[in-house]
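Right, one structure below, let's go through it.
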Amino acid sequence: MLTAANNPANTQTNTNDRPLPMAVLLRLPQTWGAIFAKTLTDPVWFFIADWFPIYLVAKGISLQSGLIAVWIPFIAADLGNFFGGIVSGALIKRGWTVGAARKSIAVFGSIGVLMLIPTIFTVNLYLLTVLFALSTFSFTAYSTIANVLPSDLFYSQSVASVSGLTGSAAGIGTIVAFKLIGYFSDQPHVSATHSFDQIIIVASLVPMVGMFLILWLVRNTEATRQGLVREI
């Protein structure tokens, strides 16, 4: 369901049965679309997964009383993974192009992640839980699409290379993001209750940036007509 290989709209064949050289891949906007899609989603997820308990404590909520908030957003995230794949697959079956189906989920997901922003205005445990659950559901629907873009865009000979580029960029981005999160949350002039406010706002907006880059970079180009990448 999450690959474009068997999609009837994707019938063109690769003109080269060898992997594209790295120099060629890095000149293609489709490659950078896949890289940015992954790089601008992974750090947000790891922030939520690793820092969410600390965020609750910063709001004065003990982890014991906040146990419900710790697991519900992650169940919502599991459901979001299924949602992203099922809905985009259903849209393709209805005649949407692969690109339009994937992009629609990216738009939906990036808007849903904005539900992180209202969390800075409340310390109500149940409202926090609902907002984070909506955000994680939307986020993982989006990230599912980010993960599958290499196989949507490239032929099998180059999928591993592009996936390696996206994974490496996402790993570096996560390291940098965590360093910055730690630095800004430890600033002495920031009160304990609101130490994550700016970080939460940035985390909610970063996927939106990734979505706009997907809309811009993931498109049919001359490389598509040359058979270097799949039609999207």
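For clarity, every value in this text was computed on a predicted model and none was experimentally measured. Below, all heavy atoms of this structure are taken into account, side chains as well, without hydrogens, waters or symmetry copies.
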Name all residues meeting the ring-ring contact (aromatic ring centres under 6.0 Å, His included) criterion together with [X]; count only those two or more places apart in sequence or in a different chain, and write none if there are none.
X: Phe46; result: none
X: Phe154; result: none
X: Phe74; result: Trp45

Which ring-ring contact (aromatic ring centres under 6.0 Å, His included) pairs, counting each pair once, include a residue from residues 97-119, with sequence neighbours left out?
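Sorted result for residues 97-119: Phe83-Phe108.
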
With the side chain counted from C-beta on, respond yes when Leu20 and Leu28 share a heavy-atom pair under 4.5 Å apart, and no when they do not.
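Yes - at least one pair of side-chain heavy atoms lies under 4.5 Å apart.
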
Validation row: Glu231, Thr97 side chains within 4.5 angstrom (heavy atoms)
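Not touching, per the 4.5 Å side-chain cut-off.
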
Indicate yes or no for a side-chain donor-acceptor contact from [X] to the backbone of [Y] under 3.5 Å, with no hydrogens or angles considered.
X: Thr144; Y: Gly85; result: no
X: Thr39; Y: Phe36; result: no
X: Tyr142; Y: Pro207; result: yes
X: Thr166; Y: Ala34; result: no
X: Lys38; Y: Leu149; result: no
X: Thr224; Y: Thr221; result: yes

Distance in Å, [X] [atom1] paired with [Y] [atom2], rounded so as to fall on 0.5 Å steps:
X: Ile200; Y: Thr119; atom1: CD1; atom2: OG1; result: 4.5 Å
X: Ile232; Y: Arg219; atom1: CD1; atom2: CZ; result: 12.5 Å
X: Ser163; Y: Asn147; atom1: OG; atom2: CG; result: 9.0 Å
X: Arg230; Y: Ser156; atom1: CZ; atom2: OG; result: 7.0 Å
X: Ile214; Y: Thr41; atom1: CD1; atom2: OG1; result: 7.5 Å
X: Ile120; Y: Gln198; atom1: CD1; atom2: CD; result: 8.0 Å

Show the nearest heavy-atom pair for residues [X] and [Y], with the distance to one decimal.
X: Ile35; Y: Ala169; value: CG2-CB, 3.7 Å
X: Ile105; Y: Ser88; value: CG1-CB, 3.9 Å
X: Pro43; Y: Ala170; value: CG-O, 4.5 Å
X: Leu91; Y: Ala101; value: CB-CB, 3.9 Å

Are there more than 12 heavy atoms of other residues, nucleotides or ligands under 6.0 Å from atom CZ of Phe178?
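Enclosed: over 12 neighbouring heavy atoms sit under 6.0 Å from CZ of Phe178.
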
With hydrophobic residues grouped by side-chain heavy-atom distances under 4.5 Å, do Val44 and Met115 end up in a single group?
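Shared cluster, no.
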
Among Ile, Leu, Val, Met, Phe, Trp and Tyr joined by side-chain contacts under 4.5 Å, find the other residues sharing a cluster with Ile175 and list them by chain and number.
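For Ile175, no cluster forms, as it stays isolated from other hydrophobic side chains.
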
Evaluate Leu213 against Leu40 for side chain to side chain contact (heavy atoms under 4.5 Å, CB included), listing each step before the verdict.
CA-CA 10 Å; Leu213 288 171; Leu40 296 177; 3.8 Å; yes

Derivation of the side chain to side chain contact (heavy atoms under 4.5 Å, CB included) call for Asp152 and Val218:
CA-CA 10 Å; Asp152 281 337; Val218 177; over 6 Å; no

In sequence, state the C-alpha distance, the side-chain angles, and the governing distance for Val202 and Val206, and then conclude on side chain to side chain contact (heavy atoms under 4.5 Å, CB included).
CA-CA 6 Å; Val202 172; Val206 164; 3.9 Å; yes

Let me check something: any side-chain donor-acceptor pairs from residues 127-135 under 3.5 Å, sequence neighbours excluded? List them with distances.
residue	atom	partner	partner atom	Å
Thr129	OG1	Leu125	O	2.8
Ser135	OG	Leu116	N	3.1
Ser135	OG	Leu131	O	2.9

Before giving the answer on side chain to side chain contact (heavy atoms under 4.5 Å, CB included), spell out for Ile92 and Arg102 the whole-Å C-alpha distance, their side-chain angles and the decisive distance to 0.1 Å.
CA-CA 9 Å; Ile92 291 171; Arg102 304 304 195 220; 3.7 Å; yes

